[in-house]
Protein chains: 2
Amino acid sequence: MAVLTIQSCAARSSPGRLVRRIDKLMANLVESRFEDTGVSFVQWIALKVVRDGVARNAGDLARELSITTGATTRMIDVLEARGFLVRDRGSADRRVVQLAVTDEGHALVEQLQHRVVEAWNEVLVDFEQDEVDVVVAGLIKLLAAAERVCGCPDRHKELAE
Amino acid sequence: MAVLTIQSCAARSSPGRLVRRIDKLMANLVESRFEDTGVSFVQWIALKVVRDGVARNAGDLARELSITTGATTRMIDVLEARGFLVRDRGSADRRVVQLAVTDEGHALVEQLQHRVVEAWNEVLVDFEQDEVDVVVAGLIKLLAAAERVCGCPDRHKELAE
DNA sequence: ATGCATTGTCTGCATATGCAGATATTGCGC
DNA sequence: GCGCAATATCTGCATATGCAGACAATGCAT
């Protein structure tokens with residue numbers, strides 16, 4: 001408690017700075033390997049969570065991607081136009097837009113998934129399995145703490161995973 | 001090595017997903033406490049690294065913020081217009097734009113720094129000091145690994161910190 | 001000293017996203 | 001059934017950023 005001091009709050013070694021930089025670098029790294037497909041990293045994540053049933057409609061998807069529903073609408077527009085995804089205005093509740101990946105989208109997710117794993121494994125080559133586990137565990141705890149303080153609106157149904 | 005599997009590469013517990021979400025949440029959290037100042041989180045970081053001498057010119061600042069020099073130019077425009085920062089076309093090399101915070105900028109950094117520390121400490125309230133150290137150490141190693149794979153262009157002078 | 005490659009910053013244009021209001025649908029109380 | 005609050009998505013507009021080329025200053029080879 002009271003763990004961060006003035007000196008460390010925005011230093012190179014502050015958690016905030018580190019997560020930001022890692023996020024940017026990894027997104028760029030992965031995206032550089034998607035170039036032939038014209039699909040962005042975020043678009044790939046969108047397709048993946050829809051395919052895996054983690055996001056079934058537009059609102060779910062927005063929460064999964066940590067972007068607004070407005071931004072999500074437009075991303076779905078693009079993915080639908082490119083034939084990777086289809087909208088389906090639900091018959092039960094006609095407000096919600098059910099999402100499903102097409103065969104083409106499914107194939108794309110599969111293909112790019114291997115590239116993502118490969119990139120991460122190149123980065124993690126000098127890590128032992130338990131080192132990774134420790135980092136991930138720490139991040140999970142940190143995220144939970146941040147969500148608590150933010151009174152996080154997306155404490156949504158825990159689609160076990 | 002070969003630590004990430006297909007299953008875990010984009011799951012809720014993947015390092016990539018976690019760092020992205022933590023970054024977004026913390027940026028929003030901090031920014032919500034800056035509202036009265038009209039300064040964004042990134043703008044505050046910019047002022048801070050300039051004040052601390054970590055970034056002395058526009059190029060340095062771009063690397064510190066992980067954004068392009070073009071975006072940096074415009075951010076400097078705003079901060080200069082608001083009187084927090086001054087440009088000074090260097091006399092030694094007239095290409096570089098030396099940066100310095102004004103008295104007003106200095107005061108702002110000081111004031112907001114306390115809010116940032118406070119926010120982080122609220123998040124970290126259930127962490128022991130050594131838990132934080134472990135997470136930070138893991139992130140530092142992860143960042144170094146990512147920079148290695150990216151052939152990172154900003155392995156710039158190690159302004160010790 | 002001249003020409004040319006390099007470097008640092010800036011600018012024009014495109015995209016991604018946030019925000020706030022609009023629209024459509026649902027469900028609830030009466 | 002009617003009116004109204006709540007919900008899910010969409011749209012218009014503003015901003016932040018990336019990218020690629022422009023421009024200015026420097027320094028190096030000759």
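Residue numbers start from 1 in every chain, and the chains themselves are labelled A, B, ... in the order their sequence lines are given, proteins ahead of strands. Basis for what follows: all heavy atoms, side chains included, without hydrogens, waters or symmetry-related copies. Given the structure is predicted, the values throughout are model-derived calculations rather than measurements.
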Identify the two heavy atoms, one from [X] and one from [Y], that lie closest to each other, and give their separation to 0.1 Å.
{"X": "B:G38", "Y": "B:Q43", "answer": "O-OE1, 4.0 Å"}
{"X": "A:L47", "Y": "A:V101", "answer": "O-CG1, 3.7 Å"}
{"X": "A:V123", "Y": "B:A145", "answer": "O-CB, 3.2 Å"}
{"X": "A:L25", "Y": "B:A146", "answer": "CD1-CB, 4.1 Å"}
{"X": "A:L139", "Y": "B:L139", "answer": "CD2-CD2, 3.9 Å"}

Distance (rounded to the nearest 0.5 Å) between [X] [atom1] and [Y] [atom2]:
{"X": "B:W44", "Y": "B:L108", "atom1": "CH2", "atom2": "CG", "value": "10.0 Å"}
{"X": "A:R89", "Y": "A:R94", "atom1": "CZ", "atom2": "CZ", "value": "7.0 Å"}
{"X": "B:E131", "Y": "A:L142", "atom1": "CD", "atom2": "CG", "value": "10.5 Å"}

- Footprint ends on DNA chain C, 5' to 3', for atoms under 4.0 angstrom from a heavy atom of chain A, come out as C:dT17 to C:dT26
- Item | Residues in contact with DNA chain C, drawn from residues 70-80 of chain B - heavy-atom cutoff 4.0 Å | B:G70, B:T73, B:R74
Separation of atom [atom1] in [X] from atom [atom2] in [N], rounded to whole Å:
{"X": "B:R95", "N": "D:dG27", "atom1": "CZ", "atom2": "C1'", "answer": "8 Å"}
{"X": "A:D93", "N": "D:dT9", "atom1": "CG", "atom2": "C1'", "answer": "11 Å"}
{"X": "B:R89", "N": "D:dA25", "atom1": "CZ", "atom2": "P", "answer": "8 Å"}

- Task: Would you mind classifying the nucleic acid contact of A:A92 as base, sugar-phosphate or nothing, using non-hydrogen atoms under 4.0 angstrom?
- Result: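 Answer is sugar-phosphate: A:A92 comes under 4.0 Å of backbone atoms only.
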- Message: For A:R94 and A:I67, find the nucleotide of DNA chain C closest to each by heavy atoms; which residue's nucleotide sits nearer the 5' end?
- Response: A:I67
- Task: Return the 5'-most residue of the pair B:V97, A:S40 with respect to DNA chain C, ranking by each residue's nearest nucleotide.
- Result: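 Counting from the 5' end, the first nearest nucleotide belongs to B:V97.
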- Item | Working for side chain to side chain contact (heavy atoms under 4.5 Å, CB included), residues B:E80 and B:T102 | CA-CA 9 Å; B:E80 191 174 35; B:T102 61; over 6 Å; no
- Residue from A:R17, A:R21, A:R20 passing salt bridge (charged side-chain N to carboxylate O under 4.0 Å, His left out) with B:D23: A:R20
- Item | Difference in axis direction between the ends of the helix from C:dA1-D:dT30 to C:dC30-D:dG1, five pairs, 10° |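 Computed angle between terminal axes is 10°.
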- Residue from A:V54, A:I67, A:I76, A:I45 passing side chain to side chain contact (heavy atoms under 4.5 Å, CB included) with A:L61: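 For A:L61, the side chain to side chain contact (heavy atoms under 4.5 Å, CB included) test succeeds with only one of A:V54, A:I67, A:I76, A:I45, which is A:I76.
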- By nearest nucleotide on DNA chain D, pick out whichever of A:Q98 and A:N28 is the more 5' one.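 Comparing both residues, the 5'-ward one is A:Q98.
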